[in-house]
Amino acid sequence: MNRTFIRVVDLYKRFGDVVALDGVTLDIFFNEILVVLGENGSGKSTLAKVLYGVYVPDRGKIIVDGSEARFSSPFDAKKKGFVMISQRPQLIDDLSILENIALFIGEPPSGTLAKRIEDFLKRFDIGIDVHKKVFSISYTEKQFIELAKALLINPRLLIVDEAATYLPQDLKTKFFEILRRFVSDNRAVIYITHKIPEALEIGNRFVVLRRGKVARVFNGAANPSELRHAMFGTEEYLKLVSRQLLQRLSKDSKNVLSVDKLVVLDDYGKTAVDGLSIDVRAGEIVSIVGVAGNGEKELGEAIAGLRKASSGSVKIDGFDVTKSPPSERTRKGLVYIPEDPFKEGTAVTLSIIENMRMYARERLSQDVVLDAIKKLGIVPENPAIQVSKLSGGNVQKVSISRLLLTMPKVVVAHNPTRMLDERSRALVLDILQRFSLSGGGVLLITEDVDEAVQISDKVAVMVDGRIAKLFEGGNLESFRSEIEKAMVHG
Ligand SMILES: Nc1ncnc2c1ncn2[C@@H]1O[C@H](COP(=O)(O)OP(=O)(O)O)[C@@H](O)[C@H]1O
Ligand SMILES: [Mg+2]
């Protein structure tokens, strides 16, 4: 028997012209993991923030244990036992792990608390000194600190807004085990994601949001095809991927990017890229796949001119740019799409159109801007909206638009589809393929083996700053398991 824990009734929330929640009604039962699934910009985070008291809804009710709860801040929500963790860690960089958690749960940073936190982290094989400052720890560690922080206040509802989505699979599995154990004792989890496989892995029931409305509820089993239809109204986009390869296979075109024996250091002065060489010809898509932390980020930054090369060289369209600033590389025909669209990809305090003008270095007509917005499926289709007001995937799409607004010779893109829903991902992979069909070169640096094998001519596996293996020719999909093995074992 499903017993109702929380009822969400007719929630409505608008921001200016955008209706983010448009009459959302749903029930959350005890002992369940309820997945809320939806494309980028469908209203998932807004729903989470209303439930956590960050936003006050314009209309509608939240009923907890049969009576109405009104939250005017997360403080009120926490008193009801609601906690939220999200994609971006909410930690203060200059404080230690212990101080951060103490602050959140309202206890002094005592030795006993330190022990409790360390015991919790040990369950994930994360052995970390809790006196370390937060700025020195990895994204994955931060997310487990967030989970520890949330669970230490002993909540009844845990809202997980894409907080596990970007963890490595082995740690994600552990994260999920904790969530399953957590809900077994008269509690609940709302698990928010745009990724269908992840939803199916963790969910007991599924609510699909589309343009701020509940499109469909699955009380029990769901399959990918039904979920796609509920999310996007179609699965036609699946055809965009993996079909243009045969038309292209490059001739003897010239190199638009040559990286030769490149050595690059990381932020701590350790060798991150260790004498790596790779070429990309006009009309070719070359992927570099690797587990995060193997130097792929430093490689991208060194090609873009954002990080110094210690030795070796980078040529764009035949010109040696090893010592050139980023602007010079742009002039020679490089477009770099960084991994983090918030930090490096966009100016978040500017509007969509202002960002696009910055990329293009010129005044763009409203038509050109709207066309880019449509091609990338940016939601909402409003050029004047400030980028900070967009959902994560849409910020990523704004960052990617630079590829459409200039006429580059070569594009270097680092995890460009990581934050994107399935349809947006297909649109972006299609854009990359069209670009290469028109004679551009693409270096795709990615953790996503699927996209690498689907669209590339060559796949290079990067381990410890070097190319461990190169796969090329024919159907790269047949090398998938070999590629995955090489990513771990070199
Ligand atoms: N603070 C805000 N100001 C203006 N618009 C916002 C704000 N927060 C969200 N939106 C808009 O509301 C819609 C839903 O966003 P969001 O809930 O973040 O989507 P999701 O989490 O499903 O990707 C988007 O169109 C987004 O641009
Ligand atoms: Mg979101």
Side-chain angles (χ1 to χ4, degrees), residues 8 11-24 26 34-60 73-74 84-90 143 146 159-166 190-196 198-199 206-216 227-228 230-233 340-342 346 348-355 370 373-374 376-401 417-425 427-428:
V8 169
L11 280 189
Y12 186 92
K13 178 76 190 169
R14 79 186 277 162
F15 300 102
D17 300 340
V18 179
V19 180
L21 297 177
D22 193 1
V24 170
L26 53 91
L34 177 69
V35 163
V36 175
L37 191 67
E39 65 182 326
N40 303 132
S42 55
K44 305 181 295 297
S45 293
T46 305
L47 174 62
K49 286 177 188 159
V50 168
L51 285 170
Y52 191 46
V54 179
Y55 295 145
V56 176
D58 302 330
R59 191 175 84 206
S73 76
M84 176 170 86
I85 54 180
S86 54
Q87 181 189 336
R88 314 211 108 218
Q90 308 289 314
Q143 290 303 65
E146 285 285 85
I159 305 163
V160 182
D161 185 0
E162 312 215 327
T165 305
Y166 305 105
I190 298 182
Y191 191 90
I192 295 176
T193 181
H194 62 263
K195 294 203 184 274
I196 292 170
E198 181 174 280
F206 309 86
V207 171
V208 177
L209 285 189
R210 196 161 168 225
R211 298 181 195 142
K213 290 193 163 77
V214 173
R216 204 172 153 184
L227 289 172
R228 281 185 201 116
M231 286 171 77
F232 307 109
D340 188 340
F342 292 91
T346 60
V348 292
T349 56
L350 300 182
S351 65
I352 296 178
I353 192 167
E354 284 163 337
N355 271 277
L370 279 175
I373 287 177
K374 287 219 165 67
L376 287 157
I378 293 172
V379 183
E381 286 184 4
N382 175 3
I385 197 167
Q386 191 178 316
V387 167
S388 68
K389 304 283 161 65
L390 297 174
S391 72
N394 285 297
V395 180
Q396 179 70 280
K397 289 188 250 177
V398 173
S399 170
I400 292 170
S401 74
T417 69
R418 204 162 75 120
M419 299 168 78
L420 303 189
D421 63 55
E422 220 178 61
R423 192 178 72 98
S424 305
R425 172 180 180 274
L427 292 176
V428 167

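When a ligand or atom number is given, it counts from 1 through the structure's own listing order. For the numbers below, each heavy atom of this structure counts, side chains included, while hydrogens, waters and symmetry mates do not. Position 1 is the first residue of the sequence; numbering continues from there. Quick caveat: nothing in here was measured; it's all calculated off a predicted structure.
For Ser388, the side chain to side chain donor-acceptor pair (under 3.5 Å) partners are Gln386, not counting sequence neighbours. Remark: Arg14 pairs with no residue by the salt bridge (charged side-chain N to carboxylate O under 4.0 Å, His left out) rule, at least two apart or across chains.
The two residues Leu21 and Gly43 have their closest heavy-atom pair at CD2-O, 3.5 Å.
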Show your working on side chain to side chain contact (heavy atoms under 4.5 Å, CB included) between Arg216 and Phe206 and close with a plain yes or no. CA-CA 8 Å; Arg216 204 172 153 184; Phe206 309 86; over 6 Å; no
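Looking at Ser42 and Glu39, their side chains never bring a donor and an acceptor atom within 3.5 Å of each other.
Between the side chain of Asn40 and the backbone N or O of Met419 there is at least one donor-acceptor pair closer than 3.5 Å. At distances below 3.5 Å, at least one donor-acceptor pair connects side-chain atoms of Lys44 with backbone N or O atoms of Gly38.
The number of protein N/O/S atoms found under 2.8 Å from the Mg ion (ligand 2) is 1.
No option in Asn394, Asn382, Leu390 other than Leu390 meets the side chain to side chain contact (heavy atoms under 4.5 Å, CB included) test with Ile352.
Within a 6.0 Å radius of CZ in Arg210, other residues, nucleotides and ligands contribute more than 12 heavy atoms.
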Please produce the table of protein N or O atoms sitting under 3.5 Å from N or O atoms belonging to ligand 1, one pair a line, distance to 0.1 Å.
unit_1: ligand 1; atom_1: 1 (N); unit_2: Tyr55; atom_2: OH; d: 3.3
unit_1: ligand 1; atom_1: 10 (N); unit_2: Lys389; atom_2: O; d: 3.3
unit_1: ligand 1; atom_1: 17 (O); unit_2: Ser45; atom_2: N; d: 3.4
unit_1: ligand 1; atom_1: 17 (O); unit_2: Thr46; atom_2: N; d: 2.9
unit_1: ligand 1; atom_1: 17 (O); unit_2: Thr46; atom_2: OG1; d: 2.6
unit_1: ligand 1; atom_1: 19 (O); unit_2: Gly43; atom_2: N; d: 3.3
unit_1: ligand 1; atom_1: 21 (O); unit_2: Ser45; atom_2: N; d: 2.9
unit_1: ligand 1; atom_1: 21 (O); unit_2: Ser45; atom_2: OG; d: 2.9
unit_1: ligand 1; atom_1: 22 (O); unit_2: Ser42; atom_2: N; d: 3.1
unit_1: ligand 1; atom_1: 22 (O); unit_2: Ser42; atom_2: OG; d: 3.4
unit_1: ligand 1; atom_1: 22 (O); unit_2: Gly43; atom_2: N; d: 3.0
unit_1: ligand 1; atom_1: 22 (O); unit_2: Lys44; atom_2: N; d: 2.9
unit_1: ligand 1; atom_1: 22 (O); unit_2: Lys44; atom_2: NZ; d: 2.9
unit_1: ligand 1; atom_1: 23 (O); unit_2: Gly41; atom_2: N; d: 2.6
unit_1: ligand 1; atom_1: 23 (O); unit_2: Ser391; atom_2: OG; d: 3.1
unit_1: ligand 1; atom_1: 27 (O); unit_2: Lys389; atom_2: O; d: 3.0

